[in-house]
Amino acid sequence: MRILVADDHDLVRETIAAFLRSEGIDDVDTAATLDEAIALVERGIAFDLILLDYNMPGMSGLTGLDRMREISAGVPVALLSGTATADIAQAAIRSGAAGFIPKTLPSKTIVSAAQVMAAGEIFAPYSFMTQVPDGKAAELTPREREVLRGLCEGKSNKEIARDLDLQEVTIKLHVKTLSRKLEARNRTHAAMIAKELNLA
C-alpha cells in the first residue's frame, strides 16, 4: 500500500507518516503544499490513498480537494484537519472525499482510518461528525470580530489599532481575549480558526 500525506506542518506530516510506517505501510510519500502533492501524482506514482491537510497552501477550502480528485483519477482522497468543523467535514464527504480525519485522533485510529479508506470505504468518526458547535463564535463581541478580521489580513496590532482608531494596548487585550474564547494558541491560530469558521 502506498499513501501520500500532504500537510504544511513538518511535525504533523512526519508524525502521521511515522504512524503509518510503524504499522507496516512502508511506502509513505509526503508533501508540504497542494502543488507539491499534485506534482507527485502527476509523476505517475500509484497511490492507494491521498491525505490532504484542509489548511495547507493551495487548498482554498474544498477547491483543493476537488482539484486533487480530478487529477488522481479514482484514488481515494481524504481530508486531515486539526481545526475544521463537522460542517466542513460533512461538506467534504458530500463533495466526494473518502473521509475526514481529525488530527486529534489516536495514532492507531488514524492508521485504521487510512486502511479503511484505501480499501474503498468512507471514514468519518461518528463522535466528531455529530458534535454540536459549542458557540465559541457567538461569544465574540463586534469589536473582537473587527480585531479578528485584522488578524486574518495579517495586520500587526499597531495597524489594527490605527484602522479602528484605538490604542495598541487595547488591541493587545482584544487579541488575548478573543484567543482565549476561540481556544487559540496564538494570533496565527486564531486567524486560522476564524477562516475555517467563516468568522472574518
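- In this view, Asp8 and Asp53, Met56, Pro57 satisfy the side-chain contact (heavy atoms from CB on, under 4.5 Å) rule, not counting sequence neighbours.
- Arg162 meets the side-chain contact (heavy atoms from CB on, under 4.5 Å) test with Glu159; sequence neighbours excluded.
- Sequence neighbours left out, the pairs with a member in residues 104-113 that pass side chain to side chain donor-acceptor pair (under 3.5 Å) are Glu23-Lys108.
- Here the side chains of Leu20 and Val5 are in contact, with some heavy-atom distance below 4.5 Å.
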What pairs of donor and acceptor atoms, side-chain ones from residues 11-18 against any protein atom, are under 3.5 angstrom apart with sequence neighbours left out?
from, atom 1, to, atom 2, distance (Å)
Arg13, NH1, Asp7, O, 2.6
Arg13, NH1, Asp10, OD1, 3.3
Arg13, NH2, Asp10, OD1, 2.8
Thr15, OG1, Leu11, O, 2.6

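- With hydrogens and angles disregarded, a donor-acceptor distance shorter than 3.5 Å links the side chain of Arg69 to the backbone of Gly96.
- Residues Leu62 and Tyr54 form a side-chain contact, since some pair of their non-hydrogen atoms from C-beta on lies under 4.5 Å apart.
- Proximity of Val75 to Met68: side-chain heavy atoms (C-beta onward) are nowhere separated by under 4.5 Å.
- Residues passing the side-chain contact (heavy atoms from CB on, under 4.5 Å) test with Thr188 are Asn186, sequence neighbours excluded.
- Enclosure of atom CZ in Arg185 is not indicated, since only 12 or fewer non-hydrogen atoms of other residues, nucleotides or ligands lie within 6.0 angstrom.
- The closest side-chain heavy-atom distance from Leu148 to His174 is not below 4.5 Å.
- By the side-chain contact (heavy atoms from CB on, under 4.5 Å) test, Asp29 is found to be paired with Arg2, Leu4, Leu40, Ile45, Phe47, residues two or more places apart in sequence or in another chain being considered.
- In this structure, Arg67 does not pair ionically with Glu70, as no charged nitrogen and carboxylate oxygen lie closer than 4.0 Å.
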